[in-house]
Number of protein chains: 2
Amino acid sequence: MAVTLRDVAQRAGVSIKTVSNVVHKRQYVKDSTRDIVQAAIDELGYRPNLSARSLRSGRSGVIGLALPEVRLPYFAELADSVITEAKQRGHTVLIEQTGAEPAAERELLRSPRLQLTDGLIFSPLALSQSDVGLLEVDYPLVTLGERIFDGPCDHVVMDNVAAARAATEHLLEAGCRRIAVIGAHEGEDQGSAALRLRGHQEALDAAGMPRDDRLVGYVGLWHRQDGADAMRRLLASGVEVDGVFGMNDTLALGALRALQDAGLAVPEGVKVIGFDDLEETRYTSPTLSSVDPGRMEIARTAVRVLVERIEERLAGETPAPRRQYTTSYRVVPRESTAG
Amino acid sequence: MAVTLRDVAQRAGVSIKTVSNVVHKRQYVKDSTRDIVQAAIDELGYRPNLSARSLRSGRSGVIGLALPEVRLPYFAELADSVITEAKQRGHTVLIEQTGAEPAAERELLRSPRLQLTDGLIFSPLALSQSDVGLLEVDYPLVTLGERIFDGPCDHVVMDNVAAARAATEHLLEAGCRRIAVIGAHEGEDQGSAALRLRGHQEALDAAGMPRDDRLVGYVGLWHRQDGADAMRRLLASGVEVDGVFGMNDTLALGALRALQDAGLAVPEGVKVIGFDDLEETRYTSPTLSSVDPGRMEIARTAVRVLVERIEERLAGETPAPRRQYTTSYRVVPRESTAG
DNA sequence: TTGAAAGCGCTAACAC
DNA sequence: GTGTTAGCGCTTTCAA
């Protein structure tokens, strides 16, 4: 049924090797031979069997991308960037969702499902520093984010502390004095939540402002609902608020909604800034100030580094030392912190 | 380097076949043998080579999902549902982005990149009925959406005309008399835009309301910016509007923003309804009424049908006739059409 | 410049 | 219950 190299060779009256040479556009094929073979390929509609090629050559042209959930806008935009960048480099992307489940994240790394993948870009959300040993795998791996540092693999990360600090500084400059922060994780001292909280507090400290635990909104996840709920609890507690730093845009948008429901005007009464610079922040009402985490740069770096590792491995070279790549960020002021 | 069945067999002192039987949890293996083999598997850290399995068995356990862009919220949510459903059935998902480019969509179907995929779920946005011949492929294929009907493959679709009609009826019931529709494609008589426009017009006709072309907002794409731009043009033209049907939620949210910028109150002055029931419609201000297109049902049906086709094919059965599956929709009233 | 042939790791007849 | 073995389609030495 499927057309194989052999069929093409037979049709063209040449050997398998010659057909293979033509398919791979290698030199050392006489033009006349190439034409004949190409004609046979077209007539028969030959398409290479990638499983066979992959078995033989040890590379499939597929890279894995493991993330919590694609429907979360940040990860959707990240996945888009990774897919686009991978395509650029001749790779396709297979997506694994972990649902931010610790067990799923741990199993993922040993999953046979990744076996036809040349390498993995992994954005953990539940693993912690103590799981660093799990990252010791026998395939190229690039991790993203703030869960694990100094692992045995390349790592692409942004400076969360500095970026969060910049967000809170932006609110301070806009005149806020009672700044709530939404998205903290109770009792956690690592991961994005802890780092962004630290940046927030550094900004307060530097400005000589008191830290007030009543202004810290703790949440379980970073979805819209969590942001709205945390904001409502804060408002219900009666604490005074004139600025809100949402640790990501969905939290900030949930909080924004809760503020408006409570009859508070944004930005007149309360100013709000988020984090991620999602496309939708440009269209909400008011538009949402945010921190652009350099998503494109993260995706581009991760894919580039992974592909380099894949090629290094295939060439049998001694692996270069693992590196950490820090990408840049940028505060994007919009209406929600204006005036 | 990589541990193979042979290595495990050697270590356990049995044959390759027995190891294979254990791996596949087949019967006819003595418990004691199974234990020895399992121990060898664990010790050596054996993981099956999926390329080899795939080459041999003709199935990779991977299904392709081709869509315009995952960063568009509707497709992000669809991808999430497809991945979740596929995982349920033991498959992983490889994503191809077409960018809604006609050339990319056409090439995709013949792309060798799909070769290590067992089948494809394809959501075209640029193909049209005249491309129906391209859908004649030699692998299992399920198409989604409104671009092509009566193709040579299974097709999952919702009743766009009825759903759009329901949306406009909802506005009429809320008292709207001058209803704009945002998202039409100039000169197109097929695809979602044309079908939803027809549903909208049917609702007007049934209510004895005039069709007014000045109330039709034409756009290029269905992004937020397009919705905002179209709404601004409509308002600038001076035409009176008291209701807006956005052909999808992002268009509607863009339009919402433009209305608010123009000082019009929603829902008091103008009521707005979208289409897709994105998660974010529950958190915007005001929350956005929408039409739930049964995304989960679409994903579930598409994956189920595709997997059935894959198995049918593997079993060498005569293919059952191709079918069209129509999923259900539901109007979801929220604040933007209240009152 | 082209051909012959080995073998990547696995599955599934078919033997025993 | 378990072992032997022939390929799946391809890449790649090695020879010619």
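Labels below follow one simple rule: chain letters A, B, ... track the order of the sequence lines, proteins then strands, and each chain is numbered from 1.
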Indicate, with a heavy-atom threshold strictly under 4.0 Å, whether Lys17(A) touches base, sugar-phosphate, or nothing. base
So what does Ser51(B) hit on the nucleic acid, given a heavy-atom distance under 4.0 Å: a base, only sugar-phosphate, or nothing? nothing
Inspect the contact between Asp138(B) and Arg47(A) and indicate whether a charged nitrogen and a carboxylate oxygen are less than 4.0 angstrom apart. yes
Within 45° of the ring axis of Tyr325(B) and under 6.0 Å from its six-membered ring centre, is that where the NZ or CZ of Arg323(B) lies? yes
Would you indicate what Ser54(B) reaches in the nucleic acid, counting non-hydrogen atoms under 4.0 angstrom: base, sugar-phosphate, or nothing? nothing
Pair His155(B) + Phe149(B): ring centers closer than 6.0 Å: yes
Roughly how far apart are Leu78(B) CG and Leu65(B) CG, rounded to 0.5 Å? 6.0 Å
Could you tell me how far apart Leu5(B) (CG) and dT4(D) (P) are, to the nearest whole angstrom? 15 Å
To the nearest Å, how far apart are Asn49(B) CG and dC8(D) C1'? 13 Å
Separation of dG9(D) P from Gln115(B) CD (nearest whole Å): 11 Å
Rounded to the nearest angstrom, tell me the gap between atom CG in Leu55(B) and atom P in dA6(D). 17 Å
Which sits closer to the 5' end of DNA chain D, Pro48(A) or Asp31(B), going by the nucleotide each is nearest to? Asp31(B)
Taking for each residue the nucleotide of DNA chain D with the nearest heavy atom, is it Arg47(A) or Thr33(B) whose nucleotide lies nearer the 5' end? Thr33(B)
Could you tell me whether Arg300(B) and Glu297(B) have a side-chain N and a carboxylate O separated by less than 4.0 Å? no
For Leu50(B) and dG9(D), what is the distance between atoms CG and P respectively, to the nearest whole Å? 18 Å
Could you check Val14(A) against Arg56(B) and say which one's nearest nucleotide on DNA chain C is further toward the 5' end? Val14(A)
Would you please confirm or rule out a distance under 4.0 Å between OP1 or OP2 of dC8(D) and any side-chain N or O of Ser57(B)? no
Looking at Arg295(B) and Glu77(B), does any basic side-chain N land under 4.0 Å from a carboxylate oxygen? yes
Could you check how far CG of Leu116(B) sits from C1' of dC8(D), rounded to whole Å? 15 Å
Segment of DNA chain C, first to last nucleotide, that comes within the 4.0 Å heavy-atom reach of chain B: dG9(C) to dA13(C)
Could you go through the side chain to side chain donor-acceptor pair (under 3.5 Å) check for Ser51(A) and Ser54(B) one step at a time? CA-CA 6 Å; Ser51(A) 296; Ser54(B) 159; 2.6 Å; yes
When rounded to whole Å, the CZ to P distance for the pair Arg6(A) and dC8(D) reads 7 Å
Round to the nearest Å and state the distance from Ile16(A) atom CD1 to dT11(D) atom P. 10 Å
